[in-house]
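Single-structure report; data block below.
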Amino acid sequence: MYCTEFIFDGISSREYDLLLCSFDSSTSGPITAGSKIEYTTFKAPGSHQWVKTGSIYSEQLTFTFQVCKYEPGAGDNRPFTERELAFLMRWLVRREYKYLSFVQMGYEDIHYRCQLSLEKYEINGQCYGLTLTALCDAPFGWSGPIHTHISSSGSASAKLYDSSDEIGILFPSVEILSRSGSPESPQNIVICNAMTGAKTQIRNCVAGEQITLRNMVIHSSEQTGKHPTLPDDFNWEWFSIGNTFNNRVNEITITGDCDIDLTWRAPRKAVI
């Protein structure tokens, strides 16, 4: 991969006059890890065959890249001042995960949710460059936010395409607006996905109620009002979308008078 610009937490490296580079003829481009999988296997007594009972990714994606200071028209690279380094540390070294992307053809929809650590590259006691190490929150990167709106006046169906580079399922953020129902005559809302077998059901919904399912937490705008029984009315089956090796189409069916918004990011397994 060859590029000169990256974006971290929505801020371009150009704003700090940073240029991606390589020191001392080192490897040109970031070095990656994160595809290691550990398998759980079992062999019955007397058998010559091991059976896989489970598998997990055993490490996060990590990679390094190097940057230097670039000032157009200044000629040779100049060292960073202590004040510039302080600004860079404040921007790049965070305790929270932030999204990192590289401005390069083919990488427009790849974002790495990561934390960065920083090491100085010094010559004669002055800092002329930085080595940044990214520790991601997953064994891969992510797409930009994907959003789908589905409206149902009683029943509706839709087909969603899962563009994920990882075979399996993921759990999108689900926002539901109930358009019908009263405390005396509430409605039930059901969302099903034939691909993953998910059947999410919420009973006793009322008009104007906004329900959110995000990060395995459910919340309702009426939880302390007209819908205090929400924990008992939810079947605790989280809605999911997914894919198999040969099929990416998710057939969604909705029962109830409601608007539903789905938001997610798909895994991206780009080689850095």
Working for side chain to side chain donor-acceptor pair (under 3.5 Å), residues Glu209 and Ser221: CA-CA 6 Å; Glu209 181 177 6; Ser221 60; 5.8 Å; no
CG-CE distance between Leu160 and Met195, expressed to the nearest 0.5 angstrom: 10.5 Å
Interatomic spacing from CG in Asp259 to CD1 in Ile150 - rounded to 0.5 Å: 10.5 Å
Flag side-chain contact, heavy atom, 4.5 Å: Pro186 against Cys205: no
Expected output: side-chain Arg265 to main-chain Ser143 donor-acceptor under 3.5 Å: yes
Derivation and outcome, side-chain contact (heavy atoms from CB on, under 4.5 Å), residues Leu92 and Leu132: CA-CA 9 Å; Leu92 296 172; Leu132 300 172; 4.0 Å; yes
Candidate pair Arg268 and Ser163, rule side chain to side chain donor-acceptor pair (under 3.5 Å), full reasoning: CA-CA 9 Å; Arg268 291 285 180 262; Ser163 64; 3.1 Å; yes
Co-membership, hydrophobic cluster, residues Leu177 and Leu230, 4.5 Å side-chain: no
Step-by-step salt bridge (charged side-chain N to carboxylate O under 4.0 Å, His left out) determination, Arg214 to Glu175: CA-CA 8 Å; Arg214 182 181 298 121; Glu175 296 182 3; 3.0 Å; yes
Single-linkage hydrophobic cluster, 4.5 Å side-chain cutoff, Leu135 and Tyr112 together: no
Under 3.5 Å: donor-acceptor pair, side chain of Gln60, backbone of Cys136: yes
Heavy-atom pair with the smallest gap, counting every atom of Glu96 and Gln115: O-CG, 3.6 Å
Partners meeting ring-ring contact (aromatic ring centres under 6.0 Å, His included) with Phe171 (sequence neighbours left out): none
Side-chain heavy atoms of Ile176 within contact of Ile191, under 4.5 Å: yes
Check against side-chain contact (heavy atoms from CB on, under 4.5 Å), Leu170 and Ile241: CA-CA 6 Å; Leu170 54 86; Ile241 60 175; 3.4 Å; yes
Flag for His219-Thr212: side-chain donor and acceptor within less than 3.5 Å: no
Side-chain (His227) to main-chain (Pro183) donor-acceptor, under 3.5 angstrom: no
Flag, side chain of Trp91 to backbone of Ala86, donor-acceptor distance under 3.5 Å: no
Closest non-hydrogen atom pair between Gly144 and Asp109, with its separation: N-OD1, 2.9 Å
Polar contact flag, side-chain donor to acceptor under 3.5 angstrom, Ser151-Arg179: yes
is_close_aromatic(Phe6, Phe65), centroid dist under 6.0 Å: yes
Working for side-chain contact (heavy atoms from CB on, under 4.5 Å), residues Asn250 and Asp162: CA-CA 7 Å; Asn250 291 250; Asp162 181 10; 3.8 Å; yes
Min side-chain heavy-atom separation Ile218-Ile211 under 4.5 Å: yes
Heavy-atom check, side chain of Leu130 versus side chain of Gln66, under 4.5 Å: no
Donor-acceptor under 3.5 Å (Glu222 side chain, Lys226 main chain): yes
Straight-line distance of Lys120 NZ to Leu88 CG, nearest 0.5 Å: 11.5 Å
Beyond-backbone contact of Phe234 with Leu213, side-chain heavy atoms, under 4.5 angstrom: yes
Rounded distance (nearest 0.5 Å) linking atom NZ of Lys98 with atom NE2 of His111: 15.5 Å
No-hydrogen, no-angle side-chain donor-acceptor test under 3.5 Å, Thr131 and Thr64: no
Donor-acceptor pair, side chain of Asn193 and main chain of Ala198, under 3.5 angstrom: no
Pairs involving residues 126-140, ordered by first then second residue, that meet salt bridge (charged side-chain N to carboxylate O under 4.0 Å, His left out) (sequence neighbours left out): Arg113-Asp137
Linked, directly or transitively: Trp236 and Met216 (ILVMFWY side chains, under 4.5 Å): yes
Euclidean distance, Ile167 CD1 relative to Asn243 CG, rounded to 0.5 Å: 6.0 Å
Tyr99 backbone acceptor or donor facing Trp142 side chain under 3.5 Å: no
Trace of the side-chain contact (heavy atoms from CB on, under 4.5 Å) decision for Glu108 with Ser101: CA-CA 8 Å; Glu108 296 88 351; Ser101 60; over 6 Å; no
Glu5 atom CD, over 12 foreign heavy atoms within 6.0 Å: yes
Closest contact, heavy atoms only, Ser182 versus Val206: C-CG1, 3.7 Å
Pairwise side-chain contact, Cys127 with Pro79, heavy-atom cut-off 4.5 Å (strictly under): no
Close side-chain approach of Arg94 to Asp9, heavy-atom, < 4.5 Å: yes
Pairwise distance OG1(Thr244) to CD1(Ile169) - rounded to 0.5 angstrom: 13.0 Å
Ionic contact status for Glu237 with Lys199, cut-off 4.0 Å: no
Shortest non-hydrogen contact from Ser240 toward Pro172: CA-CD, 4.1 Å
Test item: Gln187 side-chain N/O and Asp257 main-chain N/O as donor-acceptor pair under 3.5 Å: yes
Asn247 atom CG, over 12 foreign heavy atoms within 6.0 Å: yes
Six-ring centre of Tyr16, Arg14 cation under 6.0 angstrom, axis tolerance 45°: no
Glu166 vs Lys269 side-chain heavy atoms within contact, under 4.5 Å: yes
Short side-chain to backbone donor-acceptor contact, Ser152 and Ser155, under 3.5 Å: yes
Cluster check Leu100, Leu118: I/L/V/M/F/W/Y, side chain < 4.5 angstrom: yes
Nearest atoms (heavy-atom pairs only) where Gly141 meets Leu61: N-CD2, 4.3 Å
Heavy-atom donor-acceptor pair, Asp233 side chain to Ile202 backbone, under 3.5 Å: no
Cluster check Phe239, Ile146: I/L/V/M/F/W/Y, side chain < 4.5 angstrom: yes
